[in-house]
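Worksheet for the structure shown next.
Small disclaimer: the values here were computed from a predicted structure and weren't measured. Computation of the quantities below employed the complete heavy-atom set of this structure, encompassing side-chain atoms and omitting hydrogens, waters and symmetry-equivalent molecules. Chain A is the first sequence line, chain B the second, and so forth, proteins listed ahead of strands; every chain is numbered from 1.
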Amino acid sequence: MFKPVSTKVDFPALERETLRWWYESGVVEKYLKRNEKSKKRWSFIDGPITANNPMGVHHAWGRTYKDLYQRFHTMLGERQRYQNGFDCQGLWVEVEVEKELGFTSKQDIEAYGIARFVEKCKERVWKYAAVQTEQSKRLGYFMDWDNSYYTMSDENNYMIWHFLKVCHERGWIYRGADVMPWCPRCATGLSEMEVSEGYQERTHTSLFARFPLEGRDREYLLVWTTTPWTLAANVAAAVHPDLTYQKVKQGDDIYYVAREAVPNAIRGEYEVVGEVKGSDMLGWRYRGPFDELPAEQGVEHRVIPWDAVDAAEGTGIVHIAPGAGREDYQLGKEHNLAVVAPLDESGVYVDGFDWLTGMRVATVAEPIVENLREKGLLYHAYPHTHRYPTCWRCGTDLVFRLVEEWYIAVDPWREQIMEVAKAVRWIPEFGLERELDWLRNMDDWMISKKRYWGLALPIWTCDACGWFDVIGSETELKERAVAGWEEFEGHTPHRPWVDAVKIRCEQCGGIASRIPDVGNPWLDAGIVPFSTLRYRHDREYWREWFPADFITESFPGQFRNWFYSLLAQSTVLVGQSPFRTVLGFATLRDERGEEMHKSKGNAIWFDDAAERMGADVMRWLYLKHNPAQNLNFGFSLGDEARRQFILPLWNSYAFFANYAALDGFNPAEHDVPLAERTLLDRWILSRLQEVVRVVRDRLSDYDSLNAARAIEEFVVEDLSNWYIRRNRRRFWKTESDRDKAAAYLTLHEVLVTVTKLLAPFLPFMTEVMYRNLVLSVDPSAPESVHLTDFPEVDESKVDPDLDRDMAALLHVVGLGRAARARANVKVRQPLPRVLVGSRQDGAVAAIERLKDQLLDELNVKDFEVVDNPDEYVTYRVRPNLAVLGPKYGPKLGAIRKALEAADPARIGQLQRAGRPVTLTVDDETVELNPDELLVEVQDREGFSVAEDRDFMVALDLTITPELRLEGMARDFVRGVQDARKNAGLQIEDTIETVYQASGELAEAIERFADYIKGETLSTDLRPGDPEADGFHREEIKVGKQRVTVGITKVGRLAGARTEG
RNA sequence: GGGCGUUUAGCUCAGUUGGUGAGAGCACACCCCUGAUAAGGGUGAGGUCCCUGGUUCGAGUCCAGGAACGCCCA
């Protein structure tokens, strides 16, 4: 039997209870196995979540898509792997562990011990993987949680070794040098992303220095720098070839300065003694500011061209130090300049810089100023405030350092990967364009990072001769090991253990060691379609599941990260994409559309969201959203979704369950053929088929937005606001007859089907609904909605004519309500007639077919068809003199006459349609625009009319005494019902009703006594004393009068059950 | 500077292959209904669909150019 359902639900509590039941009863296990024998398979590959912190509501967005589509394909009977993944290695984890341990630099880590540190990193990953697993379960995400993959696994790391080996065999791995932003305190390079987060206002010593030109006595290039420490690495000076440089004379000295920069750069009196184009200065030699240093020996300083030079700041001549600046380094490559690299990884000057050697970069500005002054090369020094990049972790000023890193050359396979990307279906479509743009422009892939916790890059180099080789597997390493294997054996392939293993240098016979670098973490995530699908050990399994049918992740960033690394590694290994379709989604924002930040206080934690709004509500917010757009997320949006959809759905379900429980209705005991059901029954079942069709179609196309909208519209509009509202009385009837059974059967079928349609969206509440709607009357059914099949369209129930007719009826009902609203006659007052007309052939026939609904909905007694709708509206047309006067002048009189003679209905209709009216005035044709006419619409006397293009609906406003009394009786019923509610009575309780009334009101009550008694379950209705003992007393407004009633409970309907 | 996206009601957003008068929710005004709904419903007001030009019988939708904003790259 159905269980009664409360409409006051604590959804989060219901979810927790359901969650517990799922895992205790083995439902999840059965879900994972239900299709294991199926021939159809659907392959999903999970993009690993970084197991470094608790999961956020933005992760929940993506995980909801993942769950939705896996559930949908499960209900379609397709075999799947359900494997979740964790991203484990990388600096993110190191940073958090450093925070835990209070570390601020690499030295701290080295002192602590790399092995201990790496173990700490692993611990953190395990910890947060467990946290995220529990959170994901709370979201309702069904996965094979005991079988999650971890990118720190041996298999994942060794699979990358294989990939790198393949790259190396094709000659694509190389060692390169680049100048990058570097934190001297943390002793690490920073990515562009990290740099952009750490700009701060700083005051540094800036200076103008003069570089003596060779062969031009007492002539100097004047340069400006905000980083004096880089002067020791100077090798060139750049000018813009198109700029004009002036020779500025001060005393006996002549300075070259860009013309626009002279006022800013030159101090004191000066004289311009000549001009020269930048292009004419190219190749000039000069003496560098630190030529005496050993590191500068043999370096030739010269003037080079650079288009980026401008004269707005400084002197228009830029000092170039390829070992200490990024653009400088690029320019150096172009112009084949020497590279002088002054700093070690802690920002200390290396050997070869004489008195500077051993000094920290942050301390040299003043000594350098002094040194230049002594050498006569200083022009001017001063404190300068500017925005300067600093380390986001420790705030230290960044420097630029020449570093050696390892790269994969991209050009050899750039074209191929672009072709591979084109074979993928990108949702939204513009994803392809963005990915191609990235692929077209990307630089060689830098795969190394000078850190501790990550993939141990399998590159062994010989210190003696520089030879290197890439090891492709653990077995290859063992075979080639000449030392350290025992130390490594039994450990994961991480630092520091793997570093112990040495191999023979095949070039000089010496000993080769692993480079200390770890790998780029996107290698870890991108290899997953191989590592998790057993590419190395079970090729058949791999072939079965590769490529994935579907992946989904957040768009921003992933074009150059996961999407890229997936495509790159797969292109190299097998020449095809590892996924067929990718669904990208945008960024999660707060309710006002602002970015969520812990520091801003607008961040929402997943656990809070799940407990406050419930996982189903969260999921609905995610799934009803257009993934290409940023998602605004917050509690009031959750409330809105609950109010607009979740509650109407639940209330529809509760309506059925409560009445069915009350009636002891069992669907298995009834069978009413479709043909014997009402038009409304057949209509809602027909509409249901359409919804099933749309939802299947949209979900197959990864379009949750339109699937969700279709369901929501159906549930709220068709089911709740029309079908159930119009059919309530069929469920109230005390006797059990065939029509009531038809209503129950219909509503039950709709609710069960909707429950299944919604199961992938709202796994919790659909489970609760299903177990009551299905399992409580059919114990042989699957125990969980998540073990059922997805609904299919039943073509025999589709009735397009009925759909169309009902749509027309709803349209007319809207007009009828508008007509009532205009006349200000409330619905409780019955009216005698509604007249419906249409200018379209056959349109009224649809209304006639369904007129019972119209009459009842509008509370009108009779329905009539009118042939000429125009009879019920009259138009009064007047010229708009303010506009027409100035325009037509003397002709206006004739126009007014012509207007009066014309048919007002025709003119009114044209005007309302926004079209011009053509009149013939004195044999001339005059066209009057809509704004040149004033049209008043007047309903025919005694009617209220509403019309649009299709229909005219006129309500006859005649209220006969009989109708008036009936209206009063309805008011009375309404009041008694309120009294019942206020008295705390149950729906099925019967009452006695007494009242004190006189005159017309008493007449109304007497006349409609049977009706009132039926509606209010009154066994007795009589004039009497409402103040009597045991009576609940209430004052009721009837029309403009008041009447006092008293009610008291006398029993309850036979067969009724108490609401639980 | 290059690529991509966005621009529709006060706010947040829908608007399939171009098809008659442009939609929803929130907010607002008025009204109504209610023994399924601590709810809900209706009516109304509110829009040069960013701008300019083009294609077309017809453009929010297609094309070209431009603007503003956002993301990515340089």
Side-chain angles (χ1 to χ4, degrees), chain A residues 5-9 192-193 307 327 330 428-443 555-561 586-587 589 591-593 624-626 628-632 634 636-637 639-645 647-659 694 697-698 701 703 705-706 709 712-713 716-717 719-722 724-725 727-729 731-732 747 813-829 857-859 912-915 946 948-950 970 973-974 976-981 985-989 1015-1017 1059:
Chain A
V5 172
S6 169
T7 51
K8 293 149 200 163
V9 209
E192 286 299 326
M193 195 83 108
D307 284 347
E327 292 90 350
Q330 292 305 323
E429 279 179 33
F430 65 73
L432 174 61
E433 291 309 314
R434 298 199 58 164
E435 188 65 43
L436 289 177
D437 183 54
W438 163 256
L439 296 174
R440 225 180 337 259
N441 297 308
M442 67 183 172
D443 295 329
F555 256 10
Q558 300 303 347
F559 294 104
R560 62 192 166 89
N561 293 329
T587 304
R589 301 286 179 83
E591 275 183 3
R592 294 193 311 245
K624 214 186 95 176
H625 184 74
N626 177 354
Q629 296 271 349
N630 288 338
L631 169 64
N632 295 354
S636 56
L637 292 166
D639 289 341
E640 194 177 310
R642 184 184 303 105
R643 222 175 40 242
Q644 278 169 7
F645 177 61
L647 283 178
L649 172 67
W650 185 264
N651 290 331
S652 300
Y653 154 67
F655 172 81
F656 171 85
N658 288 332
Y659 278 97
V694 169
D697 178 65
R698 292 298 79 216
D701 203 34
D703 177 7
L705 164 64
N706 284 302
R709 289 168 90 99
E712 180 169 308
E713 194 189 341
V716 174
E717 297 298 330
L719 182 63
S720 178
N721 284 344
W722 191 244
I724 293 181
R725 193 162 55 77
N727 282 299
R728 271 178 299 189
R729 292 180 167 265
F731 298 87
W732 296 349
L747 183 52
V813 164
L815 290 171
R817 283 195 278 240
R820 263 205 184 262
R822 282 184 58 195
N824 207 8
V825 180
K826 61 186 176 183
V827 175
R828 229 178 289 144
Q829 174 61 57
E857 178 70 12
L858 295 178
N859 193 18
R912 293 176 80 191
R915 288 160 59 192
D948 66 7
R949 217 163 32 93
D950 297 319
R970 287 191 59 152
V973 166
R974 181 82 276 287
V976 175
Q977 304 289 34
D978 274 344
R980 288 179 57 109
K981 257 193 196 171
L985 298 181
Q986 299 295 317
I987 300 170
E988 65 275 16
D989 291 337
E1015 291 294 310
T1016 60
L1017 294 188
E1059 191 173 338

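B/C31 atom P lies 20 Å from atom CG of A/L858, rounded to whole Å. Between A/E717 atom CD and B/G23 atom P there is a gap of 15 Å when expressed in whole angstrom units. In this entry the distance linking CD of A/E1015 with C1' of B/U34 reads 12 Å, nearest Å. Whole-Å rounding puts the A/N630 CG to B/C71 C1' distance at 9 Å. For the pair A/F559 CZ and B/G3 C1', the computed distance is 11 Å after rounding to whole Å. Put simply, CZ on A/R728 is 17 Å from P on B/A39, counting in whole angstrom units. Between the CZ atom of A/R698 and the P atom of B/U16 there is a distance of 12 Å, rounded to whole Å. Rounded to whole Å, atom C1' of B/C11 lies 16 Å from atom CZ of A/R589.
The same atom, P, is picked in B/U61 and in B/G5; the two are 16 Å apart, to the nearest Å. Using atom P as the reference point in both B/G42 and B/A27, the two lie 15 Å apart (nearest Å). Rounded to a whole angstrom, the distance from the C1' atom of B/U37 to that of B/C28 is 25 Å. Taking atom P on both nucleotides, B/G19 is separated from B/C62 by 11 Å, rounded to a whole Å. To the nearest whole angstrom, the two P atoms, one in B/G46 and one in B/A24, are 14 Å apart. When the C1' atom is compared between B/A38 and B/U43, the two are found 26 Å apart, to the nearest whole Å. Between B/C50 and B/C69, the two C1' atoms lie 11 Å apart (nearest whole Å). Comparing B/U7 with B/G60, their C1' atoms sit 12 Å apart, to the nearest whole Å.
If you check B/U43, B/G40, B/C4 against the side chain of A/E433, the one that comes closest is B/C4. Minimum atom distance to the side chain of A/N441 is reached by B/C73, of the listed B/G25, B/U34, B/C73. For A/K826, the side-chain atoms get nearest to B/C32 when compared with the rest of B/C4, B/C32, B/U43. Checking B/U34, B/C13, B/A38 against every side-chain atom of A/R974, the shortest atom distance belongs to B/U34. Checking B/A36, B/C32, B/G3 against the side-chain heavy atoms of A/D437 singles out B/G3 as nearest. Distances from the side chain of A/R817 to the nucleotides B/C4, B/G41, B/C33 place B/G41 closest. Side-chain atoms of A/E640 lie closest to B/C26 of the nucleotides B/A38, B/C72, B/C26. In the set B/G42, B/A36, B/A14, B/A36 carries the atom at the smallest distance from any side-chain atom of A/N651. With B/C13, B/C33, B/C73 as the choices, the nucleotide that has an atom nearest any side-chain atom of A/N632 turns out to be B/C13.
Here the side chain of A/D701 pairs no donor or acceptor atom with the backbone of A/D697 at under 3.5 angstrom. Judged purely by atom type and a 3.5 angstrom limit, A/R820 uses its side chain to pair as donor or acceptor with the backbone of A/K826. Not one N or O on the side chain of A/R434 forms a donor-acceptor pair closer than 3.5 Å with the backbone of A/F559. Distance alone, capped at 3.5 Å, places no donor-acceptor pair between the A/D989 side chain and the A/L985 backbone.
Using the Watson-Crick or G-U wobble rule with both distances under 3.5 Å, B/C71 pairs with B/G3. A 3.5 Å limit on both hydrogen-bonding distances identifies no Watson-Crick or G-U partner for B/U20. With both pairing distances under 3.5 Å, B/G65 is matched to B/C51 as a Watson-Crick or G-U wobble pair. Pair check for B/G10 finds B/C26; Watson-Crick or G-U wobble, both atom distances under 3.5 Å. The partner of B/G60 cannot be assigned: no Watson-Crick or G-U wobble pair with both contacts below 3.5 Å exists in any strand. Base pairing of B/A38 is not made with any nucleotide, judged by Watson-Crick or G-U wobble geometry with both donor-acceptor distances under 3.5 Å.
A/N859 and A/R970 are linked by a side-chain donor-acceptor pair at a separation below 3.5 angstrom, with hydrogens and angles left out of the test.
Note on A/R725: every side-chain N or O is 4.0 Å or more away from OP1 and OP2 of B/C33. Considering only side-chain N and O atoms, A/R828 lies under 4.0 angstrom from the phosphate OP1 or OP2 of B/C33. Residue A/Q629 places none of its side-chain N or O atoms closer than 4.0 Å to OP1 or OP2 of B/G5.
Screening A/E713, A/E712, A/E640 against A/K624 for a salt bridge (Lys or Arg N to Asp or Glu O under 4.0 Å) leaves a single residue, A/E712.
Residue contacts for A/L985: at a heavy-atom cut-off of 4.0 Å it reaches a base atom on one of the strands shown. Here A/N626 lies in heavy-atom contact (under 4.0 Å) with sugar-phosphate atoms only. As judged by a 4.0 angstrom heavy-atom cut-off over every strand, A/Q644 is placed among residues touching the sugar-phosphate backbone only. Across all strands shown, A/R592 has no heavy atoms under 4.0 Å from either base or sugar-phosphate atoms.
You'll find a donor-acceptor pair under 3.5 Å spanning the side chain of A/S720 and the base of B/A36, going by distance alone. A donor-acceptor contact under 3.5 angstrom links the side-chain atoms of A/R434 to the base of B/C71.
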For A/F731 and A/F655: C-alpha separation, side-chain torsions, deciding distance, then whether ring-ring contact (aromatic ring centres under 6.0 Å, His included) applies. CA-CA 9 Å; A/F731 298 87; A/F655 172 81; 5.1 Å; yes
List the steps and the verdict of side chain to side chain donor-acceptor pair (under 3.5 Å) for A/T1016 and A/Q977. CA-CA 6 Å; A/T1016 60; A/Q977 304 289 34; 5.8 Å; no
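Checking A/Y659 against A/N721, the closest nucleotide of RNA chain B that is more toward the 5' end is the one next to A/Y659. RNA chain B is contacted by both A/Q977 and A/P556; A/Q977 maps to the nucleotide lying nearer its 5′ end (nearest heavy atom per residue).
Under 4.0 Å is where a charged nitrogen must lie from a carboxylate oxygen, and between A/E1015 and A/R729 at least one such pair does.
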